Amino acid sequence: MNEPVISELNDLYAVPEGTLDHLRTHSWARLPGLLSAEAVETIRQQVDKYAAPVQPSETEKWMTSDEYAKVLRSHDGMAWTDDWFRDLALMPRLSTLALQLLDRQEGLFIHDMTFTKPGNEGGPTPFHQDYPFWPFDRQGAFTIWIALTDLTPDMGTLQFMPGSHHEGPLGRFSRAPGDDIRNTYTHLEEKYGFEGGTALNAGDATVHYDLTVHGASQNLTPGPRAAYTLRYMPTDVVYTGAPHRHFDAFNLTPGELFADSPHVPHISYSN
């Protein structure tokens with residue numbers, strides 16, 4: 001039998017003033033103190049206990065290559081194999097925050113994933129956008145990235161190019177070490193610069209759009225840099241049919257609304 005979901009997640013998160021404006025203009029925002037250190041330790045324990053490593057599709061084999069394992073190691077889709085993780089994502093503290101970030105009365109919970117950058121050998125995460133990897137017909141999804149331990153800048157916390165989500169989709173990058181979007185779009189660094197990359201306490205979080213250009217430096221410390229992510233999106237997004245290890249199992253038809261699938265949990269203020 002699963003552990004009960006963390007009781008503190010019944011309490012709403014007080015979104016700091018200016019957070020939504022910062023997200024809309026800078027493509028990302030901080031969410032300090034989203035969870036307690038005790039809560040994230042429980043999540044870490046549940047990941048170790050239940051979650052299987054990522055199982056890539058035929059077009060995603062790079063995710064589990066020995067070369068890419070030096071950049072990131074991941075689990076994903078835990079909320080679709082274990083109810084504990086699904087209940088976590090739908091608790092008021094996280095689901096209401098997601099609705100505030102969406103600025104909508106309803107939304108969808110679509111994905112969860114861990115990202116662990118190994119100690120010592122953890123190479124830099126190439127800068128990229130998330131959107132080109134998703135089978136979505138429009139932008140609007142975002143990722144809440146939660147530190148599972150205290151993280152220092154030399155562990156490779158996320159960096160963001162502020163305002164870069166206005167560029168629109170730029171294609172797939174970060175499929176191998178060095179596969180960096182800046183090598184193709186050389187204007188990005190000068191145009192946008194960088195924000196983020198600072199220390200995070202366990203339970204602190206950031207949020208970024210699916211079109212935000214982001215990456216991370218290497219992990220220069222002996223300890224792993226561990227994070228747990230939750231992804232939400234609006235209810236009007238349509239499935240394109242593009243292959244994806246997580247969404248392939250939903251048996252959607254291209255052109256179908258994700259909101260019509262029984263595999264996609266809904267969130268709303270009335271839940």
Side-chain angles (χ1 to χ4, degrees), residues 9 11-36 39-40 43 72 74 76 79 85 88-115 125 127-134 136 138-149 151 153 156-167 174 192-216 225-235 237 265 267 269:
L9 297 187
D11 300 326
L12 300 185
Y13 177 67
V15 179
E17 184 176 356
T19 296
L20 299 182
D21 286 341
H22 194 278
L23 175 62
R24 291 165 187 149
T25 57
H26 289 241
S27 311
W28 77 286
R30 293 181 177 88
L31 300 169
L34 177 60
L35 300 179
S36 69
V40 294
I43 294 172
L72 288 172
S74 299
D76 79 335
F85 288 99
L88 176 79
L90 301 180
M91 291 290 280
R93 190 172 186 86
L94 295 171
S95 62
T96 301
L97 168 62
L99 291 170
Q100 290 174 285
L101 296 171
L102 284 169
D103 194 23
R104 299 198 183 194
Q105 294 297 307
E106 296 182 272
L108 305 174
F109 167 52
I110 55 165
H111 191 239
D112 64 339
M113 192 168 185
T114 64
F115 291 96
T125 305
F127 277 76
H128 64 283
Q129 298 172 316
D130 297 332
Y131 176 83
F133 292 96
W134 301 111
F136 305 157
R138 68 199 71 190
Q139 63 182 338
F142 59 78
T143 297
I144 298 173
W145 194 97
I146 304 168
L148 292 183
T149 60
L151 302 179
T157 52
L158 286 190
Q159 301 176 48
F160 310 92
M161 290 189 166
S164 58
H165 69 290
H166 296 299
E167 287 282 323
S174 191
Y192 295 108
F194 301 99
E195 291 181 352
T198 57
L200 297 170
N201 294 322
D204 287 346
T206 60
V207 57
H208 64 272
Y209 288 129
D210 52 3
L211 286 175
T212 302
V213 178
H214 61 288
R225 185 220 71 181
Y228 176 66
T229 64
L230 297 162
R231 288 169 167 142
Y232 300 86
M233 73 180 181
T235 57
V237 177
I267 57 172
Y269 287 112

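Keep in mind that this is a model prediction, so the values were computed, not measured. Computed from heavy atoms alone, side chains included, the values below leave out hydrogens, waters and symmetry copies. Numbers for residues simply follow the sequence, beginning at 1.
Side-chain contact between Y269 and Q105 is present, with heavy atoms from C-beta onward closer than 4.5 Å. Two residues are said to be in side-chain contact when any heavy atoms from C-beta on lie closer than 4.5 Å; L34 and W145 fail this criterion. Residues L94 and L9 are in side-chain contact: their nearest non-hydrogen atoms beyond the backbone lie under 4.5 Å apart. In this structure, S164 and S27 have side chains that are in contact, with non-hydrogen atoms separated by less than 4.5 Å. Side-chain contact between T198 and R30: present, with at least one pair of heavy atoms (C-beta onward) separated by less than 4.5 Å. In this structure, L20 and D103 have side chains that are not in contact, with every pair of non-hydrogen atoms separated by 4.5 Å or more.
When each of T19, V15, L12 is checked for a side-chain contact (heavy atoms from CB on, under 4.5 Å) with Q100, only V15 meets the rule.
A salt bridge is absent between D210 and R231: the closest approach of a Lys/Arg side-chain nitrogen to an acidic carboxylate oxygen does not fall below 4.0 angstrom.
Looking only at atom types and distance, the side chain of H214 has no donor-acceptor partner in the side chain of Q159 under 3.5 Å away. Donor-acceptor pairing under 3.5 Å is recorded for the side chains of E167 and Y192.
Here CG of N201 is found 9.0 Å from CG of L151. Values are rounded to the nearest 0.5 Å. Note: T212 OG1 to F142 CZ = 11.5 Å, rounded to the nearest 0.5 Å. A distance of 12.0 Å separates CD of E195 from OG1 of T206, quoted to the nearest 0.5 Å. One distance of note links CG of L101 with OG1 of T96; it measures 11.0 Å at 0.5 Å rounding. Considering CG of L88 and CG of L35, their distance stands at 7.5 Å, rounded to 0.5 Å. Between D130 atom CG and H165 atom NE2 the span is 13.5 Å, to the nearest 0.5 Å.
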What's the verdict on side chain to side chain contact (heavy atoms under 4.5 Å, CB included) for L99 and I267, showing C-alpha distance, side-chain angles and the deciding distance? CA-CA 8 Å; L99 291 170; I267 57 172; 3.8 Å; yes
Between Y209 and Q129, does a side chain to side chain contact (heavy atoms under 4.5 Å, CB included) hold up when you go through it step by step? CA-CA 9 Å; Y209 288 129; Q129 298 172 316; over 6 Å; no
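Relative ring orientation between W28 and F160 is described as parallel, the plane-to-plane angle staying below 30° on a 0-90° scale split at 30° and 60°. Ring geometry, H128 versus F133: the interplanar angle exceeds 60°, so the pair is classed perpendicular (tilted spans 30 to 60°).
Nearest approach of G156 to A216, heavy atoms of both residues: O-CB, 3.4 Å. Of all heavy-atom pairs between R104 and T235, the closest is NH1-N, 4.4 Å. Heavy-atom minimum distance, P234 versus A141: CD-N, 4.2 Å.
Checked by atom type and distance alone, the side chain of Y228 never pairs as donor or acceptor with a backbone atom of V40 at under 3.5 Å. Put simply, the side chain of T143 never gets that close to the backbone of H208: no donor and acceptor are under 3.5 Å apart. Checking side-chain atoms of T157 against main-chain N and O of P153 turns up no donor-acceptor pair under 3.5 Å. Between the side chain of T125 and the backbone N or O of G215 there is no donor-acceptor pair closer than 3.5 Å. Of the possible donor and acceptor atoms, none in the side chain of T229 sits under 3.5 Å from a partner among the backbone N and O of D112.
Between Y232 and F109, the distance separating the two ring centers is shorter than 6.0 angstrom.
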